[in-house]
Amino acid sequence: MPELPEVETIKRQLQRELPGLRIKRCKVTLPRLVTYPSARTYCRKIAGRRIEKVGRRGKYLIFELDDELDLIIHLGMTGSLSLVESAETYPRHTHIVFDLSDGRELIYVDPRTFGETALLIHGDYSPRRGLASMGPEPLAADFTREGLAARLGGTALIKAALLDQRRIAGIGNIYADEILHRARINPCRRLNELTPDDIKRLHHSIQEVLREAINGRGSTISDYVDLEGEKGGFQNLLKVYRRSGEECQTCGESIRMVRVAGRSSHYCPSCQK
DNA sequence: ATAGGCCTGACG
DNA sequence: CGTCAGGCCTAT
């Protein structure tokens, strides 16, 4: 699914197109994707609202509407958004359509339906626990090395900790593996074993990998496309993710895949200790 | 900490 | 047919 770089790419495109437009009407054909309030209330309250700004928090898109409402969308594993001219036929797995005041439609497509959307009071994310308990934004100016160290308490495996959205926002399986490779840290290391120098490299790596991935407009492994339907450009620059058996570009050792925290984890056994 | 569940589709 | 997949929640 879209991780922080992919969601950021879509957010930038939405922010270019949507502010100032109104949502005339919203149609939901798979109500369970609306997790708060009911799909019925969600649509009723959205109708007529003006989109003021599009933001992002972790892997969530946040559409700030007038009347102090925040429309949030999480793309799950296979969700995508696209802006289309008024259409009479929609792609397979279209579940939500927002009619916009300029005649276009914003459509939400999601084959695996792991995504979700909700309508919250601006700034009050308590109805969605995942959003309310989200850790700091890793690309924010105040995300310091000391701040990171403070988030990495306990004895969890570092790989699991990077995937834990309560510790740090926005990192998923692809970028967790890429970050650990750049930081030369083995995914099975435990937090309490990390040295100050490990944390320093980890902090740099988190920011560098995510920034580079955003510059590359994200990674397309299979499904991901941006608002324009374009695939990402960063998948070719991945060093370890889904490259088991290939030679490590740093040392030539064969990239290995293991299962950590229930997720496939790709790493170089020679570079990452 | 781990497994299972939610879904569909691609691939072997 | 079985296995796997970029996420996240719940229960054990």
Side-chain angles (χ1 to χ4, degrees), chain A residues 1-11 29-36 56-61 72-81 91-96 108-118 125-135 153-181 187-193 209-210 213-214 216-226 230-245 257-266:
Chain A
M1 98 107 228
E3 304 181 27
L4 186 153
E6 291 77 29
V7 179
E8 178 65 20
T9 300
I10 295 169
K11 179 222 114 179
T29 47
L30 188 57
R32 69 177 162 74
L33 293 180
V34 182
T35 56
Y36 187 90
R56 178 191 60 73
R57 182 80 175 87
K59 302 173 194 174
Y60 286 86
L61 289 165
I72 65 152
I73 296 181
H74 191 297
L75 300 171
M77 205 81 114
T78 53
S80 64
L81 287 167
R92 193 162 150 77
H93 305 299
T94 297
H95 305 306
I96 305 175
Y108 179 73
V109 177
D110 188 357
R112 285 178 73 184
T113 69
F114 285 1
E116 71 156 316
T117 180
Y125 298 146
S126 57
R128 302 309 307 145
R129 218 180 42 198
L131 190 54
S133 61
M134 180 96 49
T155 59
L157 302 174
I158 180 61
K159 171 67 185 268
L162 287 180
L163 293 175
D164 184 346
Q165 304 298 298
R166 294 167 303 183
R167 292 184 187 264
I168 310 165
I171 298 171
N173 209 31
I174 298 175
Y175 298 109
D177 283 2
E178 294 298 311
I179 287 163
L180 289 172
H181 181 257
C188 295
R189 287 275 293 289
R190 290 192 180 273
L191 295 180
N192 54 322
E193 302 166 347
V209 167
L210 295 177
I214 291 169
R217 301 170 1 269
S219 304
T220 298
I221 302 303
S222 54
D223 302 281
Y224 168 72
V225 289
D226 67 17
E230 295 285 325
K231 290 175 190 277
F234 196 69
Q235 59 278 2
N236 306 319
L237 299 175
L238 298 173
K239 307 289 189 200
V240 288
Y241 185 76
R242 289 230 183 163
R243 294 199 184 280
S244 33
M257 204 254 283
V258 292
R259 203 122 195 122
V260 182
R263 312 292 298 278
S264 62
S265 301
H266 314 73

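Here is how names work: the chains are called A, B, and so on, in the same order as the sequence lines, proteins then strands, and each is numbered from 1.
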Measure [atom1]/[X] against [atom2]/[N] and give the value in whole Å, please.
{"X": "R259(A)", "N": "dT2(B)", "atom1": "CZ", "atom2": "P", "answer": "12 Å"}
{"X": "D164(A)", "N": "dA1(B)", "atom1": "CG", "atom2": "C1'", "answer": "13 Å"}
{"X": "D110(A)", "N": "dA5(C)", "atom1": "CG", "atom2": "P", "answer": "18 Å"}
{"X": "I221(A)", "N": "dA5(C)", "atom1": "CD1", "atom2": "P", "answer": "12 Å"}
{"X": "L157(A)", "N": "dA1(B)", "atom1": "CG", "atom2": "P", "answer": "7 Å"}
{"X": "R166(A)", "N": "dA1(B)", "atom1": "CZ", "atom2": "P", "answer": "10 Å"}
{"X": "R167(A)", "N": "dA1(B)", "atom1": "CZ", "atom2": "C1'", "answer": "13 Å"}
{"X": "I158(A)", "N": "dA1(B)", "atom1": "CD1", "atom2": "P", "answer": "13 Å"}

Can a donor-acceptor pair be found, under 3.5 Å and without considering hydrogens, that links the side chain of [X] to the backbone of [Y]?
{"X": "E3(A)", "Y": "K59(A)", "value": "no"}
{"X": "R57(A)", "Y": "M134(A)", "value": "yes"}
{"X": "R243(A)", "Y": "H266(A)", "value": "no"}
{"X": "E116(A)", "Y": "F114(A)", "value": "no"}
{"X": "Q165(A)", "Y": "G135(A)", "value": "no"}
{"X": "T220(A)", "Y": "G232(A)", "value": "yes"}

### Protein proximity profile, nucleotides 7-12 of chain B - base contact B, sugar-phosphate-only contact S, no contact -, cut-off 4.0 Å on heavy atoms
BBS---
Check the interface with nucleotides 9-12 of chain C: list each N/O to N/O pair with the protein under 3.5 Å, or write none.
{"residue": "dT10(C)", "atom": "OP2", "partner": "R129(A)", "partner atom": "NH2", "Å": "2.3"}

### Message
Going by purine N1 to pyrimidine N3 plus the second Watson-Crick contact, or the G-U wobble pair, all under 3.5 Å, which nucleotide sits opposite dG2(C)?
### Response
dC11(B)
Expressed as a whole number of Å, how far does the [atom1] atom of [N] sit from that of [M]?
{"N": "dT3(C)", "M": "dA3(B)", "atom1": "P", "answer": "15 Å"}
{"N": "dC6(B)", "M": "dC1(C)", "atom1": "C1'", "answer": "22 Å"}
{"N": "dG2(C)", "M": "dG4(B)", "atom1": "P", "answer": "16 Å"}

### Query
What is the minimum heavy-atom distance between H74(A) and Y108(A), and which atoms define it?
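Smallest heavy-atom distance, with atoms named: O-OH, 3.7 Å.
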### Query
How close do G153(A) and L191(A) get, heavy atom to heavy atom, and via which atoms?
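Nearest heavy atoms, G153(A) then L191(A): O-CD1, 3.2 Å.
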### Query
Are K239(A) and D177(A) ion-paired here, with the side-chain N under 4.0 Å from a carboxylate O?
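Here K239(A) does not pair with D177(A) in a salt bridge, since their nearest N and O are not under 4.0 Å apart.
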### dG7(C) OP1/OP2 closer than 4.0 Å to side-chain N/O of Q165(A)
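Indeed not, no polar side-chain atom of Q165(A) lies that close.
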Does [X] reach a base, just sugar-phosphate, or nothing at all? Heavy atoms under 4.0 Å.
{"X": "S219(A)", "result": "base"}
{"X": "A160(A)", "result": "nothing"}
{"X": "Y241(A)", "result": "sugar-phosphate"}

### Task
State, yes or no, whether a side-chain contact exists between H93(A) and D110(A) at a heavy-atom distance under 4.5 Å.
no
